[in-house]
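See structure below.
Chain letters run A, B, ... following the sequence lines, proteins first, then strands; residues in each count from 1. Computed over heavy atoms, backbone and side chain alike; hydrogens, waters and symmetry mates excluded.
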Protein chains: 2
Amino acid sequence: MTKHKDNQTEDQILKAAQIIFQTKGMDGARMQEIADKASINKAMLHYYYRSKQLLFEAVFNKAFSLLAPELNRILNDSSSIEEKIKNFTDNYISFMIKHPYLPGFIIQELNRNPKFIEKLESNVSFPDITKFKNQVKNEIENGTIIPISAEQLFINILSLNVFPFVASPLIKALVNVDDTTYQTILEARKKDVSNFLINAIRK
Amino acid sequence: MTKHKDNQTEDQILKAAQIIFQTKGMDGARMQEIADKASINKAMLHYYYRSKQLLFEAVFNKAFSLLAPELNRILNDSSSIEEKIKNFTDNYISFMIKHPYLPGFIIQELNRNPKFIEKLESNVSFPDITKFKNQVKNEIENGTIIPISAEQLFINILSLNVFPFVASPLIKALVNVDDTTYQTILEARKKDVSNFLINAIRK
DNA sequence: AAATTTGTTAACCAAATGGTTAAACTAATT
DNA sequence: AATTAGTTTAACCATTTGGTTAACAAATTT
């Protein structure tokens, strides 16, 4: 039908770019290295994505739209705070074990270029914590959980879930464990973190 | 006495390099930009520090040796876990409000080059959590705190304290607050985080 | 099957970048 | 005043790097 070959080249490029950008960042990534990893000529990168910047944005947006909707889904479903914490923790840690470079990549690049945030915020599926805030308020009134600022609770949930992936080399060194042991620790956090959180807010 | 001028040039360079490296990272930093910020000729960078790599290492080591000893001090003093949490949280959040780029810089660069860790570990003041681990074990036996893995607790403490600085642009966007409000939130965390932690582990 | 469009490559280019050099400058020592 | 050693600068250099070009190959259309 179309004159395009199947878009396998484009995909190869995107996959290679993902790996390189996510491990080395925008500044550390080299177009030649991406081309090599994709086993194609460097000119193809520009043929399909015009510039390093645009290729980077394709990778970044794909990464973000992988993380955001699920966060949004959990924030806006009808379950209790306790259920939300369990779901979020289990889901997100599982997800990040599969994609360990994603959160660090996103955070690093947002630090580097805060303007990116504005683009993201206008995105349809950008997470919205309004419902979560109301819920916290209600559960505090009902006496289900202790009084706590919804924002602080949200930051705490995020911190406990994400930081161990963002800072893994540092934590590994501080806790003095090898890779395999650290994997076990992360695995255990699927349950440990939600228990910890629930313990912290339950009356 | 000597023919050396006072070492103010060297200091100017290091200060400028700190700012540039900590905001842009090793890969994003430009020697010319550092020279400009230090108001000196680019050749001086090499005269005093030989190479970008060595200048970077000077900055990195200084940054790390600013963070590490205090962590080590708190880990090894004689106070209870609860006291440690209070001290650590208050101290570290205060410190990071003054140096908001430090933790992200260190984490990012350790991710970029995991070999750095080995150098750091052999450093005299590299934090050691042995005593902390024993203490947790004892307090669990005494029934002061709930059963919890010392490693997980340590990771939780670190996450809650450090992540809000590492990921500030992301969190600001998610929680939907401006800079000033975020500062207030961070300020409040000096107390909030230790209350949260203590609540989570107290029987 | 001729013409046209799309996909791919090797060679090339200009700008940026880390690093060097040789000369000039400064200030203390002889 | 001359010497000497450390400091600073402008100009320069080689390499890297993102990006382009022109020719070629492979589909698609007519």
Using a heavy-atom cut-off of 4.0 Å across all strands, would you classify Met44(A) as base, sugar-phosphate, or nothing? base

In Å, rounded to the nearest 0.5 Å, how long is the span from CG of Leu158(A) to OH of Tyr92(A)?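 If we round to the nearest 0.5 Å, Leu158(A):CG and Tyr92(A):OH are 8.0 Å apart.
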
On DNA chain D, compare the nucleotides closest to Lys42(B) and Asp27(A); which residue's is nearer the 5' end? Lys42(B)

Figure out the [atom1]/[atom2] separation between [X] and [N], and round it to whole Å.
{"X": "Arg50(B)", "N": "dG19(C)", "atom1": "CZ", "atom2": "P", "answer": "10 Å"}
{"X": "Leu54(B)", "N": "dT20(C)", "atom1": "CG", "atom2": "P", "answer": "11 Å"}
{"X": "Asn41(A)", "N": "dA10(C)", "atom1": "CG", "atom2": "P", "answer": "6 Å"}
{"X": "Tyr49(B)", "N": "dT7(D)", "atom1": "OH", "atom2": "C1'", "answer": "15 Å"}
{"X": "Asp36(B)", "N": "dT9(D)", "atom1": "CG", "atom2": "C1'", "answer": "14 Å"}
{"X": "Arg30(B)", "N": "dT17(D)", "atom1": "CZ", "atom2": "C1'", "answer": "10 Å"}
{"X": "Glu10(A)", "N": "dG7(C)", "atom1": "CD", "atom2": "P", "answer": "9 Å"}
{"X": "Met26(A)", "N": "dG18(D)", "atom1": "CE", "atom2": "P", "answer": "9 Å"}

Is it the case that the side chains of [Y] and [X] hold a donor-acceptor pair, with the cut-off being a distance below 3.5 Å and no angle test?
{"X": "Asn72(A)", "Y": "Asn76(A)", "answer": "yes"}
{"X": "Gln53(A)", "Y": "Glu57(A)", "answer": "yes"}
{"X": "Ser94(A)", "Y": "Asn91(A)", "answer": "no"}

Ala29(B) or Tyr47(A): which one's nearest nucleotide on DNA chain C is closer to the 5' end?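 With Ala29(B) and Tyr47(A) compared, the 5'-side residue is Tyr47(A).
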
If you check the His46(A) side chain, which of dG19(C), dG7(C), dG19(D) turns out closest?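 My answer, after comparing the listed nucleotides, is dG19(D).
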
Give the nucleotide from the list dT9(C), dG18(D), dG7(C) with an atom nearest to the side chain of Ile40(A). dT9(C)

Cation over ring face, Arg112(B) and Phe56(B), 6.0 Å, 45°: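 Yes, a cation-pi geometry holds between Arg112(B) and Phe56(B).
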
Tell me whether the side-chain N or O atoms of Lys52(B) pair up with the base of dG19(C) as donor and acceptor below 3.5 Å, since no angle test is needed here. no

Looking only at side-chain N and O atoms, does Thr9(A) come under 4.0 Å of OP1 or OP2 in dT8(C)? yes

